Amino acid sequence: MRVILRRSGSRPGGMALVAAGAVVLVTACAGGAPKKHAGTAEDPWVIGMSQCNLGEPWRVQMDADVRAAAEKHSNLKVIFKDAQNSSLTQRAQVEEFVDQGVDLLIISPKEAAPLTQPVAAAYQKGIPVIVLDREVQGDQYTQFIGADNVRIGREAGRWIRETLGGQGKIVELEGLMTSTPGQDRHQGFLEGLDLEHNPGLQIVFTGEMKWLEPDARTEMESALATNDHIDLVYAHNDPGAHGAWLAAKAAGREGEMKFVGIDGLPQEGQQYVAQGILDATFLYPTGGDVAIDEALKILGGQQVEKKIVLGTRIFTKDNIQQGGQPITN
Ligand code: FRU
């Protein structure tokens, strides 16, 4: 973990405005920041939800989870924006939300570096910001919510080492390596594999599929062309693992190897495991429901944790009917 768990004030920046004795024409909330809406059914709080893309089922699910949780509260309204996998677009959309005067921002950023500044700018203007799933740099936001990707990668690496009995040729298909889950799932994987003590394990091919199934398919075609034998594919997400499987199937080689992914959506990864396409997937919760719970606390003036770490589960053919198994260590 790079960020230490700690408490933080829920609304930054606002006290200075009040202390300066300026004539504040907007309603001031407990923390002192300008609040644009009352948080009633007549005048609901407005949350801007900035999604980095809606091209993958997992992100569609995240927005659906946010929407379902928000719909239970008549004093909340969520406006969704889709950045269509462009950090530049997402940056502009965050700035639009700020200009439009949202009460709180939820962002699931595409990449850390380009989104750090607009998030910090919003936060410094007194808009609470919840960062979901992928991280930004520094600590200029209210709260981060997400699963521990190093841990998930480590569990995947350990499962792979044990399943292969310390012997085998592995392909790693990486997510976007300018996003923190890609970096963390790689680092954890190496820790779990423990190549130093398991010289029989070999990573024979590494490709960056940037979270996208078509890119995974292309990368896997290269891996197949340059390797006579592959024992297992570890992909940083389920679309990647599925793309690899499609390439192996097209080459008539899908039976030669195992496939491991991450996300574990019921309608995607869990389905693939049930169908025997994937050998394992690890749950990566969207956190959409948690974000709404936390947003309500923040808007209500409560203190919240700086970081909330979500849990994970493993799904294999042996436990899929029982809903997978939680990872507790
Ligand atoms: C969707 C996705 C998921 C992955 C997450 C990582 O865009 O690629 O498949 O788990 O993002 O941030």
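No experiment lies behind these values; they were computed from the predicted model shown. Whatever order the structure lists them in is the order used to number ligands and atoms, beginning at 1.
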Checklist entry - Is any side-chain N of the basic residue among Asp194 and Arg158 closer than 4.0 Å to the acidic one's carboxylate O? => result no
Checklist entry - Of the non-hydrogen atoms in Arg91 and Pro114, which two are nearest, and what is the gap between them? => result NH1-O, 3.2 Å
Checklist outcome for this item: of all protein heavy atoms, closest to atom 7 (O) of ligand 1 is Arg59 NE, 2.4 Å
Item to check | For atom 3 (C) of ligand 1, the protein heavy atom that lies nearest, with its residue and separation | outcome: Asp263 OD2, 3.4 Å
Checklist entry - CG/Asn149 to OG1/Thr180 distance, rounded to the nearest 0.5 angstrom? => result 6.5 Å
Checklist entry - Relative to the heavy atoms of Asp133, which atoms of ligand 1 are at a distance of less than 4.0 Å? => result 6 (C), 12 (O)
Checklist outcome for this item: In short, Trp159 meets Ile314 closest at the heavy-atom pair CD1-CD1, 3.5 Å
Next on the checklist: Below 4.0 Å, non-hydrogen atoms only: which portion of Arg185 touches ligand 1? Side chain, backbone, both or neither.
Outcome noted: side chain
Next on the checklist: Strictly below 4.0 Å, N to O, side chains only: are Glu213 and Arg217 in salt-bridge contact?
Outcome noted: no
Next on the checklist: Please report whether ligand 1 has a polar contact with Glu56, defined as an N or O pair separated by less than 3.5 Å (distance criterion only).
Outcome noted: yes
Checklist entry - What protein heavy atom sits nearest atom 12 (O) of ligand 1, and how far off is it? => result Arg134 NE, 2.6 Å
